[in-house]
2 protein chains.
Amino acid sequence: MRSEDIAKLAGVSRSTVSRVINNYPNVPEETRIKVLKVIEQHQYEPNSFARALAGKKTDTIGLFAISMNEKENATRIYQNSYFAPFIDAVVDISNSRGCYVLIHTVYAPGDFLKVKQAFLQKRIDGGIIVGTQKDIDIVKEMVSLEAPLVLIDYDISEIMAEHLDKNHLAIVNSKDYEGTTEAIEYLIALGHRDIGIIQGSMSTYSGRERFAAYSDTLGRHGLAVNERFILPGEFLKERAYAEVVKLLDSGEPLPTAIFSSNDDMAISAIEALAERGISVPEQMSVIGFDDVQLAARIHPKLTSVRLPIFEMSKAAVDKVMELCDSRQPTFSTFSFPARLIERDSCARPFVDRTQDDELA
Amino acid sequence: MRSEDIAKLAGVSRSTVSRVINNYPNVPEETRIKVLKVIEQHQYEPNSFARALAGKKTDTIGLFAISMNEKENATRIYQNSYFAPFIDAVVDISNSRGCYVLIHTVYAPGDFLKVKQAFLQKRIDGGIIVGTQKDIDIVKEMVSLEAPLVLIDYDISEIMAEHLDKNHLAIVNSKDYEGTTEAIEYLIALGHRDIGIIQGSMSTYSGRERFAAYSDTLGRHGLAVNERFILPGEFLKERAYAEVVKLLDSGEPLPTAIFSSNDDMAISAIEALAERGISVPEQMSVIGFDDVQLAARIHPKLTSVRLPIFEMSKAAVDKVMELCDSRQPTFSTFSFPARLIERDSCARPFVDRTQDDELA
DNA sequence: CTGAAAGCGCTTACAG
DNA sequence: CTGAAAGCGCTTACAG
């Protein structure tokens, strides 16, 4: 069934059918009703490709999740608790705005080709990229496509430094620095002085921000950053687990608290601690980041920094749609607050009885 | 940049450019290289809509997650641990086959319109529907579209009863009945006689199968099904939690083991039990279903029935692509085994000391 | 208010 | 082996 068929049945021209479909004002109510009835009767739906080819929007946005450092261990994207809620929210919000979502995941640099193609082949009106690695060249390439694009979690200064047309671009971030600062100060207020960190991937904006806040906050409070307490976790639980085990088995003095750059790694840390009979929070405090679903359901319930993922996703979808519609788009950035959710994985520092006795 | 531009630059016609792009044999190596070079130089990508309009495939499959009973409590789809891994796997597998995935979620009957449109507007080559509710009418409507379609988790007999052309259809199920049977027999072997169940949504195939296996297995072992021990959970954790609390607070004798129709609900049950000081597995055994990620990370680690989600997703993607390609498609069904993963949430039944004393 | 016609950017018989 | 032309199903000036 094509518009031509509808036209014939309704006794009008294709032009008029098109006008009705696109809700143009210049068609009398009577004609409109007549055409609409035929359309209804035959469950007619205009071919989306023909429409797009003739200049209409595709009503589809692309959602690309970049998870490159996961490649090696064959972890799948939604297994990484960080992406799932973003994807969830973006799909949901887009759908509620009448927009389809085209999803593609990027595990390796080569997969970026498909992302570019989605734009170049005009499959989508615009796109959202979440989890971008630091590789400015790839981002530059995407931006130079000059299609509506929203980057979630990207270093604004890095983009600003580039000489590119950014008017079709928007960046949505969370205040990871402030959230981390709140977490570290919470530990300090609890009395901790030896605070370790499990780093995220330093090739991501989030990873760098969280680490910077950790070390700045310690510094501001006159606390030394102990190199031994900096564990490279790469946001990966296996990696974090191994690093924590290494630290615990080192025989050297331990920190009394650990800030983990994400929950996945924090949970691994708690597992490693449990296996070695070190109880959380009594003997070691642990704070995570992201506040994934799991956080509230493990034992002890994990204190974590919550990201306003839904709000961020909403901003991303709204912005990309606005960029698609606007005739005069303009570069913009958003930064949403993150906040500490206190649960049961932190306490005042453990006081070693043996030492007490010695001191006494 | 259009194929015409490439043609001019390469000194050939659009036809030849098209032949190169589509890898047709009837073009000399020399010409092919010449054209390819120009294409490369200009990062040319053929407009996907024009191609689709001219009869090519869209290289996009639709993935529709139906989660209608979740509407009321505004739960989002990926929050339901059941869908996430399917979506994950389908996206991953499709992407690795060079296919994009168009996602749309269905929370209310009205959302089905968008699913239908995706087919009618020819946005996709074929589709996969996961989590279908029992409503045969909706399924009938989808099937009658005569587009390549794979249903995950659907009652085959219900479809067979309908007089429809099913040659473009495939159904991918898991052996929930057998998996549940294994779980219940495991509990019986442990010595349990009073076994309760938290039901899933009886409007889903899985929900019905799991319940049927539960009651059949008890019957086969000469055990009575106690109506009080049948808790309607609808696959929703809040619902399950409330039902378990109601049972625990009833003052009546309790079962010694509970089989939950999914893990989400099993975990809620464990939470409810913990809050009332009933320890798992010592005083109550609990088995879940689905083996979601959380299962192995809560305390106690949850014994559960694992679904081969990756294999199911793979079958679904492969089948839908095959249906898209085949000139003579034919109806097929798949049924993948589910198996019990023993962990720490089950034990021999709790023996009440008081009663022992009385007996002694 | 409305139809005929051109155009969107491809692919594919068809003819040579 | 290769080009001219028709066609895919829409939308949109344009003319009336």
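Keep in mind the model is a prediction, meaning the values are calculated, not measured. Residue numbers begin at 1 in each chain, while the letters A, B, ... track the order of the sequences.
When atom types are taken as modelled, the side chain of Asp125(B) and the backbone of Cys324(B) share no donor-acceptor pair closer than 3.5 angstrom.
Rounded to whole Å, atom C1' of dC10(C) lies 18 Å from atom NZ of Lys122(B). Regarding Ile6(B), its CD1 atom lies at a distance of 17 Å from the P atom of dT2(D), rounded to whole Å. In this structure, NZ of Lys56(A) is placed 13 Å from P of dC10(D), rounded to the nearest angstrom. Rounded to an integer number of Å, the gap from Glu4(B) CD to dG9(C) C1' is 9 Å. Whole-Å rounding puts the Gln121(A) CD to dC10(C) P distance at 10 Å. Rounded to an integer number of Å, the gap from Arg123(A) CZ to dC10(C) C1' is 13 Å. Remark: P of dG16(D) and CG of Asn26(A) are 18 Å apart, rounded to the nearest angstrom. Counting to the nearest Å, the C1' atom of dT11(D) and the CZ atom of Phe49(B) are 15 Å from each other.
Legend: side-chain hydrogen bond (donor to acceptor under 3.5 Å, both in side chains) pairs involving residues 37-49 of chain A, not counting sequence neighbours, sorted by first then second residue: Gln43(A)-Lys116(B), Glu45(A)-Gln117(B), Glu45(A)-Gln121(B).
Side-chain atoms of Thr31(B) and Arg19(B) form no donor-acceptor pair, as typed in the model, at a separation below 3.5 Å. Residues Arg123(A) and Thr60(B) bring a donor and an acceptor atom of their side chains to less than 3.5 Å of each other.
Residues of residues 27-47 of chain A that place a heavy atom closer than 4.0 Å to DNA chain C, in numerical order, are Pro28(A), Thr31(A).
Heavy atoms only, all atoms of each residue included: Ser94(A) and Val90(A) are closest at OG-O, 2.7 Å.
Not one side-chain nitrogen or oxygen of Ser18(A) sits closer than 4.0 Å to the OP1 or OP2 atom of dC10(D). Here Asn22(B) reaches the OP1 or OP2 of dT11(C): one of its side-chain N or O atoms lies under 4.0 Å away. An OP1 or OP2 oxygen of dT2(D) is reached within less than 4.0 angstrom by no side-chain nitrogen or oxygen of Tyr24(B).
A side-chain contact (heavy atoms from CB on, under 4.5 Å) with Val139(B) holds for exactly one of Ile129(B), Leu164(B), Ile159(B); it is Ile159(B).
With respect to the salt-bridge test (charged N to carboxylate O, under 4.0 angstrom), the residues Lys314(A) and Glu311(A) do not qualify. Classification of Asp5(B) and Arg2(B) as a salt-bridged pair holds, one side-chain N sitting under 4.0 Å from a carboxylate O.
Residues passing the salt bridge (charged side-chain N to carboxylate O under 4.0 Å, His left out) test with Glu146(A): none are found, sequence neighbours excluded. Listed by chain and number, the residues in a salt bridge (charged side-chain N to carboxylate O under 4.0 Å, His left out) with Lys56(A) amount to none (sequence neighbours excluded).
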Would you write out the dot-bracket form of DNA chain D, 5' to 3', with Watson-Crick and G-U pairs under 3.5 Å, [ ] for crossing pairs, | for pairs to other strands and . for unpaired bases? |||.||||||||.|||
Its contact letters, B for base, S for sugar-phosphate only and - for none at protein heavy atoms under 4.0 Å, make nucleotides 3-8 of chain D read BBBBBB
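Ring-plane geometry between Phe119(A) and Phe64(A) is classed as tilted, the angle between the planes lying from 30 to 60 degrees on a 0 to 90 degree scale.
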